[in-house]
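Right, one structure below, let's go through it.
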Amino acid sequence: LVHACTVASASLPTRTAEVAVIGAGVIGLAAANALAQAGNDVVCFDPQPGSGQSAGLTRVFRHTHDRQELVALAQEARRIWGEWGEQAATPLVGDEGVLFAGPGAEEAAGLLASAGVEHRLVGEEEQRELLPALAPPTADALFEVTGGAIRVRPTIELLASGLGMRLVREEVLALRPEGDGVALFTPVGLWRCDRVLVCAGARTQELARPHGVVIPVTLALHVRATYAVRPELDGRTLACWYDRTRRYGPNVYAGPLGSDRY
């Protein structure tokens with residue numbers, strides 16, 4: 001593939017940048033914006049920003065993790081999400097809260113308590129109140145007050161607009177070390193960059209492996225379904241849901257954000 005790209009790019013223009021970020025989902029765009037704000041000459045590549053692992057309307061933001069250092073990182077991330085919301089003039093993480101059910105809920109509550117994250121353990125009655133769309137999967141669950149549903153599309157729009165012309169709507173076909181830098185092959189030309197950050201979702205492994213970077217990730221089927229809630233629940237604030245009980249399937253999550261709540 002690299003040889004073919006070399007031949008095809010021979011007569012096309014060559015452009016340069018200090019840092020290239022491959023992938024314009026939330027992670028890639030956030031990284032490119034941070035690099036640009038730090039004064040780096042950065043470009044971010046993606047033919048269609050937000051169309052890969054950041055596709056869709058929503059994700060769930062949670063502080064509930066298995067290690068204290070991850071909880072601390074989530075706290076810092078929540079602060080940054082708040083700053084982004086101010087820039088967008090609309091909250092990008094809602095105030096729905098997150099209901100976590102599964103083994104380790106009490107241990108997770110201890111980690112949140114140590115970090116000062118507002119939460120409480122809730123029984124079946126309060127679970128039904130927070131998320132009446134589902135039967136409680138366990139007798140006790142953890143409710144994280146400051147988590148919520150991420151508004152994906154306005155987030156992508158905000159971060160993409162922050163890059164302006166630094167967002168290059170081209171696909172990176174291959175990477176090749178070249179001198180002290182890296183050559184990036186695209187369908188319309190060649191880029192030469194000092195450093196490359198790969199945030200390409202499912203393609204990250206493909207792009208990184210030829211250069212000795214092996215990522216121990218197995219790609220698997222990930223199903224996302226969207227459905228209407230019962231009419232009597234319309235207009236209510238429903239909690240986000242993160243479930244490890246396996247009652248409804250392995251590692252199920254849900255965010256209460258419909259197409260009319262952009």
Side-chain angles (χ1 to χ4, degrees), residues 26 53-54 56-82 85 91-152 155 216-261:
V26 172
Q53 288 187 267
S54 292
L57 291 173
T58 189
R59 297 293 189 279
V60 175
F61 182 92
R62 57 186 171 87
H63 294 86
T64 302
H65 293 281
D66 297 329
R67 302 200 308 272
Q68 195 73 60
E69 59 267 30
L70 296 180
V71 177
L73 287 172
Q75 287 180 291
E76 175 63 11
R78 188 65 180 86
R79 181 188 65 78
I80 295 171
W81 277 100
L92 297 180
V93 175
D95 58 0
E96 300 88 357
V98 179
L99 190 62
F100 169 69
E106 291 190 4
E107 290 81 356
L111 295 178
L112 296 184
S114 297
V117 177
E118 187 178 358
H119 68 284
R120 61 181 181 270
L121 292 170
V122 297
E124 291 187 16
E125 182 177 353
E126 189 171 0
Q127 290 180 57
R128 290 190 179 93
E129 179 63 26
L130 292 167
L131 192 57
L134 291 170
T138 185
D140 295 298
L142 172 64
F143 181 60
E144 179 192 318
V145 177
T146 54
I150 295 173
R151 277 63 176 165
V152 171
T155 300
V217 173
T218 300
L219 300 181
L221 180 64
H222 186 115
V223 178
R224 298 183 188 136
T226 302
Y227 59 92
V229 298
R230 298 192 300 269
E232 63 267 25
L233 299 179
D234 190 34
R236 281 192 53 175
T237 298
L238 305 177
C240 298
W241 180 41
Y242 179 50
D243 189 343
R244 285 183 175 176
T245 65
R246 304 184 72 88
R247 176 173 174 178
Y248 296 105
N251 295 333
V252 178
Y253 68 91
L257 190 65
S259 59
D260 61 339
R261 296 178 63 191

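The figures here come from the full heavy-atom set of this structure, side chains too, leaving out hydrogens, waters and symmetry mates. This chain uses plain numbering: 1 for the first residue, then up along the sequence.
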So do V98 and T64 actually touch side chain to side chain, heavy atoms under 4.5 Å?
no
In Å and rounded to the nearest 0.5 Å, what is the OG1 to CG distance from T237 to D95?
6.5 Å
In terms of heavy-atom contacts, A254 and V60 come closest through O-CG2, 3.4 Å
Looking only at heavy atoms, the pair that brings P132 and L233 closest together is CG-CD2, 3.5 Å
Quick check for you: to the nearest 0.5 Å, what is the distance between E96 atom CD and T146 atom OG1?
12.0 Å
I'd like to check L112 versus L142 (side-chain heavy atoms, cut-off strictly below 4.5 Å). Are they in contact?
yes
Which residues satisfy the side-chain contact (heavy atoms from CB on, under 4.5 Å) test with A135, sequence neighbours excluded?
R247, Y248
Looking only at non-hydrogen atoms, find the nearest pair between V26 and S54 and report the distance.
N-OG, 3.0 Å
Which atom of A105 lies closest to which atom of F100, heavy atoms considered:
CA-CE2, 3.8 Å
Please list all pairs meeting salt bridge (Lys or Arg N to Asp or Glu O under 4.0 Å) that have one or both residues in residues 110-127, counting only residues at least two apart or in different chains.
R120-E126, E124-R128
Between Q127 and P136, which heavy-atom pair has the shortest distance, and what is it?
OE1-CB, 3.4 Å
Could you state the interatomic distance from CG (L111) to CD (E106), rounded to the nearest 0.5 Å?
12.5 Å
Kindly indicate, with the supporting measurements, whether the criterion side-chain contact (heavy atoms from CB on, under 4.5 Å) is fulfilled by L57 and V152.
CA-CA 5 Å; L57 291 173; V152 171; 6.0 Å; no
On a heavy-atom basis, which atom in A115 and which in V71 lie closest, and how many Å separate them?
CB-CG1, 3.7 Å
Please round to the nearest 0.5 Å and tell me the distance separating atom CD of Q53 and atom CZ of R59.
8.0 Å
Atom pair OG1 (T155) and CG (L92), whose distance is rounded to the nearest 0.5 Å:
4.0 Å
In Å, rounded to the nearest 0.5 Å, how long is the span from CD of Q68 to OG of S114?
5.0 Å
For E69, what residues pass the salt bridge (Lys or Arg N to Asp or Glu O under 4.0 Å) criterion, not counting sequence neighbours?
R67
Could you point out which residue of V93, T58, L257 forms a side-chain contact (heavy atoms from CB on, under 4.5 Å) with R151?
L257
